Amino acid sequence: QVQLVESGGGLVQTGGSLRLSCAASGRTFSSYAMGWFRQAPGKEREFVAGISRSGGSTYYADSVKGRFTISRDNAKNTVYLQMDSLKPEDTAVYYCAARQFSTYSFAYYLLQDYNYWGQGTQVTVSS
């Protein structure tokens, strides 16, 4: 089992940047595929970005492609989401997720693919 703690959220102006971090407990972090999701008020949780166990494969939602970058540091048990050129529509609670028993080079993108979730961190982009 893994526990996930997100950090790095906050208030930023349109066009600004934020870097989210997700620290995972345990010694088997490299065996988990990781992902970021977000949920805006009144909307369903949606996929943002995913990264494979190896870090060699990534996948992004069309809405963030070219602006967000997911990465991981298996030595630090941490996954990151670098968010650039932020827009008001990026405002949401951002959640880190982990999937156990994942294919080494596959980045997952469905909500139901993930087994473990963090508590979320708020990102607010002002216009």
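Fair warning: this is a prediction, and the values are worked out from it, not measured in the lab.
- Taking the side chain as every heavy atom from C-beta outward, Phe47 and Tyr60 never approach each other to under 4.5 Å.
- Heavy-atom minimum distance, Ser21 versus Trp36: O-CH2, 3.7 Å.
- What you find for Val79 and Cys96 is that their closest heavy atoms are CG1-SG, 3.8 Å.
- Looking at every heavy atom in both residues, Val48 comes nearest to Val64 through O-CG2, 3.5 Å.
- Counting non-hydrogen atoms of neighbouring residues, nucleotides and ligands closer than 6.0 angstrom, the CD atom of Gln112 exceeds 12 such neighbours.
- By the 6.0 Å contact criterion, CD on Gln3 is open, its count of non-hydrogen atoms from other residues, nucleotides or ligands being 12 or less.
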Exercise for review: Apply side chain to side chain contact (heavy atoms under 4.5 Å, CB included) to Arg99 and Ser31, showing your working.
Suggested key: CA-CA 9 Å; Arg99 174 189 167 92; Ser31 68; over 6 Å; no
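- In this structure, Arg72 fails the cation-pi test against Tyr32, since its NZ or CZ atom is not both closer than 6.0 Å to the six-membered ring centre and inside 45 degrees of the ring normal.
- In this structure a side-chain-to-backbone donor-acceptor pair under 3.5 Å is present from Ser57 to Ser105.
- Judged by distance alone, the side chain of Thr14 and the main-chain N or O of Ser126 form a donor-acceptor pair under 3.5 Å.
- Relative orientation of the Tyr95 and Trp117 rings is perpendicular, given thresholds of 30° and 60° on the angle between their planes.
- Taking 4.5 Å as the limit, some side-chain heavy atom of Met83 sits within range of a side-chain heavy atom of Val123.
- Taking the side chain as every heavy atom from C-beta outward, Arg53 and Ser30 never approach each other to under 4.5 Å.
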Exercise for review: Evaluate the side chain to side chain contact (heavy atoms under 4.5 Å, CB included) criterion for residues Asp113 and Leu111: first the C-alpha distance (whole Å), next the side-chain angles of each, then the deciding distance (0.1 Å), finally the verdict.
Suggested key: CA-CA 5 Å; Asp113 286 335; Leu111 199 75; over 6 Å; no
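- When hydrophobic clusters are built by joining Ile, Leu, Val, Met, Phe, Trp and Tyr residues whose side-chain heavy atoms come closer than 4.5 Å, directly or via intermediates, Val93 is grouped together with Tyr114.
- Relative to the ring axis of Tyr80, Arg19 places its NZ or CZ within 45° and under 6.0 Å from the centre.
- Side-chain contact check for Leu20 versus Thr121: some heavy-atom pair is nearer than 4.5 Å.
- Of all non-hydrogen atoms in Ser17 and Gln82, the two that sit nearest each other are CB-NE2, 4.0 Å.
- Checked by atom type and distance alone, the side chain of Thr91 never pairs as donor or acceptor with a backbone atom of Thr124 at under 3.5 Å.
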Exercise for review: Determine, step by step, whether Thr69 and Leu81 satisfy the side chain to side chain contact (heavy atoms under 4.5 Å, CB included) criterion, reporting the C-alpha distance in whole Å, the side-chain angles of both residues, the deciding distance to 0.1 Å, and the verdict.
Suggested key: CA-CA 6 Å; Thr69 303; Leu81 185 68; over 6 Å; no
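- The number of heavy atoms from other shown groups lying within 6.0 Å of CD (Gln122) is above 12.
- One distance of note links CE of Met34 with OG of Ser102; it measures 10.0 Å at 0.5 Å rounding.
- Ion pairing between a basic and an acidic side chain is recognised when a charged N comes within 4.0 Å of a carboxylate O; Asp90 and Lys87 show no such pairing.
- Between Tyr108 and Phe106, the two ring planes are perpendicular [angle over 60°; tilted spans 30° to 60°].
- Residues Leu4 and Ala24 come closest through the heavy atom pair CD2-CB, 3.7 Å.
- Without hydrogens or angle criteria, Glu6 side chain to Gln119 main chain gives a donor-acceptor distance under 3.5 Å.
- Around the OH atom of Tyr109, the shell of radius 6.0 Å holds no more than 12 heavy atoms that belong to other residues, nucleotides or ligands.
- In this pair, Phe68 and Tyr94 present their aromatic rings tilted. The plane angle is within the 30 to 60° band.
- Of all the heavy atoms in Arg67 and Ser85, the pair that sits closest is NH1-O, 2.9 Å.
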